[in-house]
Amino acid sequence: MSGNDDSIVTSPSEGSLSAIEVLADQPSYVCMLSAELVAKAREELQEKPEWRLRDVQALRDMVCKDFPNLGTCLDDAFLLRFLRARKFDYDRALQLLVNYHCCRRSWPEVFTNLRPSAIKPVLESGFVTVLPHLDPEGRHVVCIRPDRWTPSNYPITENIRAIYLTLEKLIQSEETQVNGIVILADYKGVSLSKASHFGPFIAKKVIGILQDGFPIRIKAVNIINEPRIFKGIFAIIKPFLKEKIAKRFFLHGSDLSSLHHNLPPRILSEEYGGTAGKLDISAWNELLLASEDDFLCLQESNLSWPPFMPLTLW
């Protein structure tokens with residue numbers, strides 16, 4: 001089965017690619033999903049436990065045959081992320097894997113020095129965090145607060161790097177691979193001058209990564225406290241959104257009761273009309289900063305694709 005709605009991308013940088021990373025002592029995959037999530041993955045993602053490793057091997061064979069210089073990890077668990085994100089469609093999973101590497105190689109301002117310690121100022125500002133409680137569907141809620149960013153302190157690309165590392169940490173969980181995530185974006189206090197940093201160039205790249213270049217399922221984006229200028233911001237974003245993703249955006253304004261239809265008060269902090277206490281960013285910051293070793297595999301040099309690969313996303 002083959003999909004045709006994802007873009008294959010290449011990096012415009014110069015250089016040569018490293019060989020595929022094939023680990024002789026590749027760890028054997030052990031499924032950590034509950035019986036309930038195994039059933040959910042079967043129903044929603046077409047994941048059949050009895051065929052899982054066969055499917056992973058099929059994707060691995062495709063990578064080795066079609067992209068022998070991709071320089072990617074070939075572990076079962078790593079490749080499984082891409083199969084789940086594309087409902088076990090081999091062609092689309094391969095395309096997503098290629099895009100994943102290409103996005104990182106084509107935007108060095110964001111993807112150089114991919115380590116939690118490098119974005120410590122962003123984490124301490126509270127720009128991005130993950131709420132401590134899951135939603136009723138078992139999904140993590142990523143909370144983004146642009147008002148916490150002071151543009152004179154560091155460029156917007158640091159915020160994007162922090163979001164990316166947050167997603168990388170979350171997607172390590174098989175539960176997140178199956179359930180997906182929810183985003184809560186609070187635009188309270190965002191001025192026109194701050195919004196101007198998020199122009200069409202940045203918007204296109206960010207949306208491209210989230211839709212076509214990262215193995216995560218974004219199930220809902222809840223926007224609250226959006227100012228009037230958000231209509232202009234959304235007008236920039238919308239042309240780059242696929243229809244199914246655009247339908248997952250919910251604009252609540254300052255109406256917290258509207259937000260509570262999507263995210264119940266019991267998982268929200270007091271700032272959002274919830275009963276889970278004050279918003280505490282320290283737990284997530286400590287977890288991410290303690291995971292420095294998990295991101296060593298992301299430290300890639302600025303590499304390029306062989307000349308036969310087309311450039312279509314950027």
Side-chain angles (χ1 to χ4, degrees), residues 1-10 20-23 26-105 137-140 164 166-182 208-219 242 244-245 248 294-295 297-298 300 309 312-313:
M1 181 176 177
S2 176
N4 59 8
D5 61 338
D6 301 316
S7 302
I8 292 289
V9 299
T10 67
I20 284 181
E21 176 189 354
V22 182
L23 301 179
Q26 180 183 166
S28 300
Y29 169 76
V30 177
C31 182
M32 303 300 292
L33 296 173
S34 65
E36 180 183 1
L37 284 180
V38 168
K40 182 176 182 178
R42 182 187 291 271
E43 179 180 355
E44 295 186 10
L45 307 182
Q46 287 74 59
E47 176 177 345
K48 298 176 177 60
E50 62 273 21
W51 292 354
R52 186 188 289 124
L53 293 182
R54 181 209 67 175
D55 294 336
V56 169
Q57 185 60 48
L59 178 57
R60 184 182 294 114
D61 291 343
M62 291 173 71
V63 174
C64 293
K65 177 178 180 293
D66 297 335
F67 299 97
N69 296 317
L70 185 56
T72 187
C73 176
L74 292 174
D75 286 0
D76 292 343
F78 181 77
L79 294 179
L80 191 54
R81 302 176 187 181
F82 296 87
L83 286 165
R84 284 171 170 157
R86 290 298 180 261
K87 298 184 177 181
F88 281 76
D89 182 318
Y90 296 166
D91 291 338
R92 295 181 66 226
L94 175 63
Q95 193 167 349
L96 178 61
L97 177 61
V98 172
N99 288 356
Y100 170 84
H101 286 287
C102 208
C103 289
R104 286 163 44 193
R105 294 168 183 176
E137 300 298 321
R139 303 175 297 208
H140 282 288
Y164 190 87
T166 294
L167 297 182
E168 282 282 4
K169 182 60 181 176
L170 289 176
I171 204 59
Q172 292 176 1
S173 162
E174 288 199 274
E175 289 79 4
T176 297
Q177 293 169 26
V178 173
N179 290 328
I181 64 166
V182 171
I209 291 167
L210 294 179
Q211 289 188 145
D212 298 319
F214 196 85
I216 202 162
R217 308 173 70 208
I218 299 177
K219 305 302 292 183
K242 294 177 180 178
K244 71 174 184 178
I245 297 296
R248 295 175 183 175
D294 293 347
F295 295 93
C297 62
L298 299 182
E300 294 184 334
M309 296 181 64
T312 57
L313 182 57

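Between Pro215 and Gln177, every side-chain heavy-atom pair lies at or beyond the 4.5 Å cut-off. At least one side-chain heavy atom of Phe88 sits less than 4.5 Å from a side-chain heavy atom of Leu80. Looking only at side-chain heavy atoms (C-beta outward), Tyr29 and Val56 stay at 4.5 Å or farther from each other. Between Lys169 and Phe295 there is a side-chain heavy-atom pair separated by less than 4.5 Å.
Lys242 and Asp212 are joined by a salt bridge, as a carboxylate oxygen and a charged side-chain nitrogen come within less than 4.0 angstrom of each other. Under the 4.0 Å criterion applied to side-chain N and carboxylate O atoms, Glu137 and Lys219 are not assigned as salt-bridge partners. In this structure, Glu174 does not pair ionically with Arg81, as no charged nitrogen and carboxylate oxygen lie closer than 4.0 Å.
Residues Ser173 and Glu175 bring a donor and an acceptor atom of their side chains to less than 3.5 Å of each other. Inspection of the Gln57 and Arg54 side chains reveals no N or O donor paired with an N or O acceptor under 3.5 Å.
Here Gln211 contributes atom CD and Ile245 contributes atom CD1; the two are 5.5 Å apart, rounded to the nearest 0.5 Å. Leu74 contributes atom CG, which lies 10.0 Å from atom CG of Asp61 (distance to the nearest 0.5 angstrom). The CD1 atom of Ile216 sits 9.0 Å away from atom CD of Glu168, with the distance rounded to the nearest 0.5 Å. Taking CG of Leu97 as the start and SG of Cys102 as the end, the distance is 11.0 Å to the nearest 0.5 Å. With rounding to the nearest 0.5 angstrom, the CD1 atom of Ile209 is 10.0 Å from the CG atom of Leu167. Atom CZ of Arg139 and atom CD1 of Ile218 lie 12.0 Å apart (nearest 0.5 Å).
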Item to check | Stepwise salt bridge (charged side-chain N to carboxylate O under 4.0 Å, His left out) test for Asp76 and Arg60 | outcome: CA-CA 9 Å; Asp76 292 343; Arg60 184 182 294 114; 2.3 Å; yes

Next on the checklist: Under the criterion side chain to side chain contact (heavy atoms under 4.5 Å, CB included), I'd like the reasoning laid out for Thr176 against His140: C-alpha separation, chi angles, the key distance, then a yes or no.
Outcome noted: CA-CA 7 Å; Thr176 297; His140 282 288; 3.5 Å; yes

Next on the checklist: side chain to side chain contact (heavy atoms under 4.5 Å, CB included) for Asp55 and Leu59? Distances and angles first, verdict last.
Outcome noted: CA-CA 6 Å; Asp55 294 336; Leu59 178 57; over 6 Å; no

Checklist entry - Are Arg84 and Glu44 close enough, and set up right, to give a side chain to side chain contact (heavy atoms under 4.5 Å, CB included), and what steps lead you there? => result CA-CA 9 Å; Arg84 284 171 170 157; Glu44 295 186 10; over 6 Å; no

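Of all non-hydrogen atoms in Gly138 and Asn179, the two that sit nearest each other are O-ND2, 3.2 Å. Among all heavy-atom pairs drawn from Pro49 and Val38, the shortest one is CG-CG1, 3.6 Å.
Between the side chain of Arg217 and the backbone N or O of Val178, at least one donor-acceptor pair lies under 3.5 Å. Not one N or O on the side chain of Asp75 forms a donor-acceptor pair closer than 3.5 Å with the backbone of Phe78.
Taking the salt bridge (charged side-chain N to carboxylate O under 4.0 Å, His left out) definition, one finds that Lys40 meets it with nothing, sequence neighbours left out. Residues passing the salt bridge (charged side-chain N to carboxylate O under 4.0 Å, His left out) test with Glu50, sequence neighbours excluded: Arg42.
Between Phe214 and Tyr100, the angle of the ring planes lies from 30° to 60°, which puts this pair in the tilted group.
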